[in-house]
Engineer: 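Sharing a structure here in structure tokens format.
Every chain is numbered from 1 and lettered A, B, ... according to where its sequence line falls, protein lines coming before strand lines.
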2 protein chains.
Amino acid sequence: MRGVFRIKSYSEFFHQFLLLYRPFENHLNIQLAKHDLYRAQWSILFYLYRNDSATLVELSNYQSVEKPTVTRTITRLEELGYVEQMPSKDRREKKMQLTLLGKKVYEDVRVTIDAFEQSILQGISEEDQLKAIRMMGEIRSNILEQGDK
Amino acid sequence: MRGVFRIKSYSEFFHQFLLLYRPFENHLNIQLAKHDLYRAQWSILFYLYRNDSATLVELSNYQSVEKPTVTRTITRLEELGYVEQMPSKDRREKKMQLTLLGKKVYEDVRVTIDAFEQSILQGISEEDQLKAIRMMGEIRSNILEQGDK
DNA sequence: AGGTAATGGTTATCCTAGGTAACTATATTA
DNA sequence: TAATATAGTTACCTAGGATAACCATTACCT
């Protein structure tokens with residue numbers, strides 16, 4: 001008897017994961033819409049704010065997204081005046097950084113997003129949050145390793 | 001000094017969450033492609049296998065997706081012969097269930113997905129998995145409550 | 001009971017954000 | 001120096017979301 005009717009935790013894990021993703025993305029986009037931004041754009045602002053600069057390939061690898069997708073999002077952010085190209089030795093690559101405006105906007109939006117994220121983490125202890133952060137990082141590594149590329 | 005340069009755990013939490021989503025979805029779709037399925041279809045098979053039957057509105061609420069999206073996916077699954085309508089008192093609603101073929105396919109795919117999910121959860125204890133499952137459920141509730149609907 | 005509300009579903013049309021294939025320009029390497 | 005690898009772009013396609021407007025049926029309210 002034992003085990004037969006128990007729901008397997010690994011399958012339940014990803015079930016919950018998918019079930020959380022959509023409402024999270026929906027509500028994140030509602031917050032971002034207040035600043036005329038979308039998730040894909042926000043992710044890049046986030047990365048550039050933290051890392052100061054990045055090439056398109058770097059962004060592509062980091063976000064597990066193909067280069068043309070990055071090109072498009074970066075083009076849009078350039079049009080908005082939030083990012084700009086900086087000089088680089090290697091003339092093939094396009095090294096991007098936030099403009100002053102881009103930094104300002106990021107910090108602005110950050111306030112909105114902080115409030116949102118804090119509110120929906122109500123009732124989850126910081127210890128648990130840190131544990132989950134570590135887990136998600138590990139799983140990501142597992143996936144990236146096994147898929148080779 | 002303290003706190004000023006520390007990365008806030010709530011913002012890191014969702015950063016990792018987004019960073020995990022894309023590679024997970026990519027690799028999930030690779031597994032599903034072996035059976036000519038997509039994530040959206042798989043999610044519905046999953047729900048119907050577990051709950052025996054569901055109306056389109058039920059699926060729509062459950063997955064936090066609008067009705068037309070569900071209509072489209074269900075139509076495709078009907079064409080594939082994996083789901084069928086069952087009689088219902090309320091003649092407005094379309095109550096769906098898995099066909100025999102649908103059940104068979106689900107169980108087949110389940111084997112593939114089990115292996116995949118287990119492999120990428122390497123190194124995460126079952127206790128931690130259960131903790132994360134609980135957390136994700138809570139966050140989801142928080143989001144759904146605050147957004148009213 | 002009859003008129004109005006609400007609910008379940010569909011159709012048409014749009015958009016985000018991803019993908020592939022094929023290409024150019026520049027660097028690297030054999 | 002020729003061949004190869006890398007960074008990025010362009011053109012085009014797709015999954016899977018969204019909205020708006022609609023029809024059919026049911027529930028509700030005087």
Side-chain angles (χ1 to χ4, degrees), chain A residues 18-33 36-45 53-80 83-96 147 149, chain B residues 18-19 21-33 35-45 53-80 83-96 147 149:
Chain A
L18 286 179
L19 230 44
L20 174 54
Y21 182 77
R22 187 121 300 280
F24 173 70
E25 191 186 30
N26 283 345
H27 283 72
L28 178 63
N29 273 327
I30 290 170
Q31 303 301 317
L32 291 175
D36 286 303
L37 278 178
Y38 291 99
R39 177 186 49 76
Q41 300 167 355
W42 170 246
S43 292
I44 287 184
L45 295 185
S53 74
T55 65
L56 301 213
V57 163
E58 197 178 334
L59 290 167
S60 157
N61 289 332
Y62 189 67
Q63 308 199 318
S64 302
V65 145
E66 296 302 319
K67 294 182 297 173
T69 305
V70 176
T71 297
R72 194 205 296 128
T73 310
I74 280 287
T75 301
R76 184 72 189 117
L77 288 172
E78 272 182 296
E79 284 166 9
L80 291 168
V83 304
E84 65 191 354
Q85 191 166 356
M86 58 192 279
S88 157
K89 252 174 274 180
D90 189 332
R91 282 165 54 206
R92 285 171 304 180
E93 65 183 20
K94 214 172 154 183
K95 198 163 197 166
M96 308 302 296
K149 98 143 230 226
Chain B
L18 286 179
L19 229 45
Y21 182 76
R22 189 122 296 283
F24 172 70
E25 191 186 31
N26 284 343
H27 282 73
L28 177 63
N29 273 326
I30 290 170
Q31 302 302 317
L32 291 175
H35 306 265
D36 286 303
L37 277 178
Y38 292 98
R39 176 186 49 75
Q41 300 166 356
W42 171 246
S43 292
I44 287 182
L45 295 186
S53 74
T55 66
L56 302 212
V57 163
E58 197 178 333
L59 290 167
S60 157
N61 289 333
Y62 189 67
Q63 308 199 320
S64 302
V65 145
E66 297 301 320
K67 293 182 297 173
T69 306
V70 176
T71 297
R72 194 205 294 131
T73 309
I74 280 287
T75 300
R76 184 73 188 114
L77 288 172
E78 273 182 297
E79 284 166 9
L80 290 168
V83 305
E84 65 191 353
Q85 190 166 359
M86 59 192 281
S88 157
K89 252 173 271 180
D90 188 333
R91 283 164 53 205
R92 287 171 303 180
E93 64 183 21
K94 213 172 156 184
K95 198 162 196 166
M96 308 301 297
K149 103 137 231 232

Engineer: Starting at NZ of Lys95(B) and ending at C1' of dG9(C), how long is that distance when rounded to a whole Å?
Structural biologist: 16 Å
Engineer: Starting from C1' on dG16(D), measure out to CG on Asn29(B) and report it in whole angstrom.
Structural biologist: 11 Å
Engineer: If we only count heavy atoms from C-beta on, is the Glu58(A) to Thr55(A) side-chain gap below 4.5 Å?
Structural biologist: yes
Engineer: For Arg72(A), enumerate each residue passing the salt bridge (charged side-chain N to carboxylate O under 4.0 Å, His left out) test, keeping only those at least two apart in sequence or located in another chain.
Structural biologist: none
Engineer: Are any of Thr71(B)'s side-chain N or O atoms less than 4.0 Å away from OP1 or OP2 of dT10(C)?
Structural biologist: yes
Engineer: For Ser60(B), report the nucleic acid contact type (base, sugar-phosphate, nothing); a contact means any heavy atom under 4.0 Å.
Structural biologist: nothing
Engineer: Going by side chain to side chain donor-acceptor pair (under 3.5 Å), name the residues that satisfy it together with Arg76(B), two or more places apart in sequence or in a different chain.
Structural biologist: Glu79(B)
Engineer: Between atom CD in Glu93(B) and atom C1' in dA6(C), what is the gap in whole Å?
Structural biologist: 14 Å
Engineer: What string of B, S and - do you get for nucleotides 25-30 of chain C, 5' to 3', when a contact is any protein heavy atom under 4.0 Å?
Structural biologist: BBS---
Engineer: Which residues pass the salt bridge (charged side-chain N to carboxylate O under 4.0 Å, His left out) test with Arg39(A), not counting sequence neighbours?
Structural biologist: Glu25(A)
Engineer: Rounded to the Å, how far apart are Asn61(B) CG and dT7(C) C1'?
Structural biologist: 12 Å
Engineer: Could you list the residues that satisfy side chain to side chain donor-acceptor pair (under 3.5 Å) with Ser88(A), not counting sequence neighbours?
Structural biologist: Glu93(A)
Engineer: In the structure I gave you, are the side-chain heavy atoms of Leu80(A) and Asp36(A) within less than 4.5 Å of one another anywhere?
Structural biologist: no
Engineer: Could you tell me the separation between the NE2 atom of His27(B) and the P atom of dG19(C), rounded to a whole number of Å?
Structural biologist: 12 Å
Engineer: Excluding sequence neighbours, so at least two apart, what forms side-chain contact (heavy atoms from CB on, under 4.5 Å) with Pro23(A)?
Structural biologist: Ser64(B), Arg140(B), Ile143(B), Leu144(B)
Engineer: If the glycosidic angle sits within 90 degrees of zero it is syn, else anti. Tell me which applies to dA5(C).
Structural biologist: syn
Engineer: Of all residues at least two apart in sequence or in a different chain, which pass the side-chain contact (heavy atoms from CB on, under 4.5 Å) check with Glu78(A)?
Structural biologist: Ile74(A), Val83(A), Lys94(A), Met96(A)
Engineer: To the nearest Å, give me how far apart NZ (Lys94(B)) and C1' (dC23(D)) are.
Structural biologist: 15 Å
Engineer: Using the 3.5 Å cut-off, write out each protein N or O paired with an N or O of nucleotides 17-21 of chain D and the distance between them.
Structural biologist:
{"unit_1": "dG17(D)", "atom_1": "OP1", "unit_2": "Arg39(B)", "atom_2": "NH1", "d": "3.0"}
{"unit_1": "dG17(D)", "atom_1": "OP1", "unit_2": "Arg39(B)", "atom_2": "NH2", "d": "2.8"}
{"unit_1": "dG17(D)", "atom_1": "O5'", "unit_2": "Arg22(A)", "atom_2": "NE", "d": "3.3"}
{"unit_1": "dG17(D)", "atom_1": "N7", "unit_2": "Arg72(B)", "atom_2": "NH1", "d": "3.3"}
{"unit_1": "dG17(D)", "atom_1": "N7", "unit_2": "Arg72(B)", "atom_2": "NH2", "d": "3.0"}
{"unit_1": "dG17(D)", "atom_1": "O6", "unit_2": "Arg72(B)", "atom_2": "NH2", "d": "2.7"}
{"unit_1": "dA18(D)", "atom_1": "OP2", "unit_2": "Glu66(B)", "atom_2": "N", "d": "2.7"}

Engineer: Roughly, in whole Å, what's the span from CZ in Phe24(B) to C1' in dG18(C)?
Structural biologist: 17 Å
Engineer: With a 3.5 Å limit on both atom pairs, tell me what dA5(C) is paired to, counting Watson-Crick and G-U wobble, or say none.
Structural biologist: none
Engineer: Apply side-chain contact (heavy atoms from CB on, under 4.5 Å) to Gln31(B) and list each qualifying residue two or more places apart in sequence or on a separate chain.
Structural biologist: Lys34(B), Thr112(B), Ile113(B), Phe116(B)
Engineer: For the pair made of CZ in Arg76(A) and C1' in dT9(D), what is the distance, rounded to whole Å?
Structural biologist: 18 Å
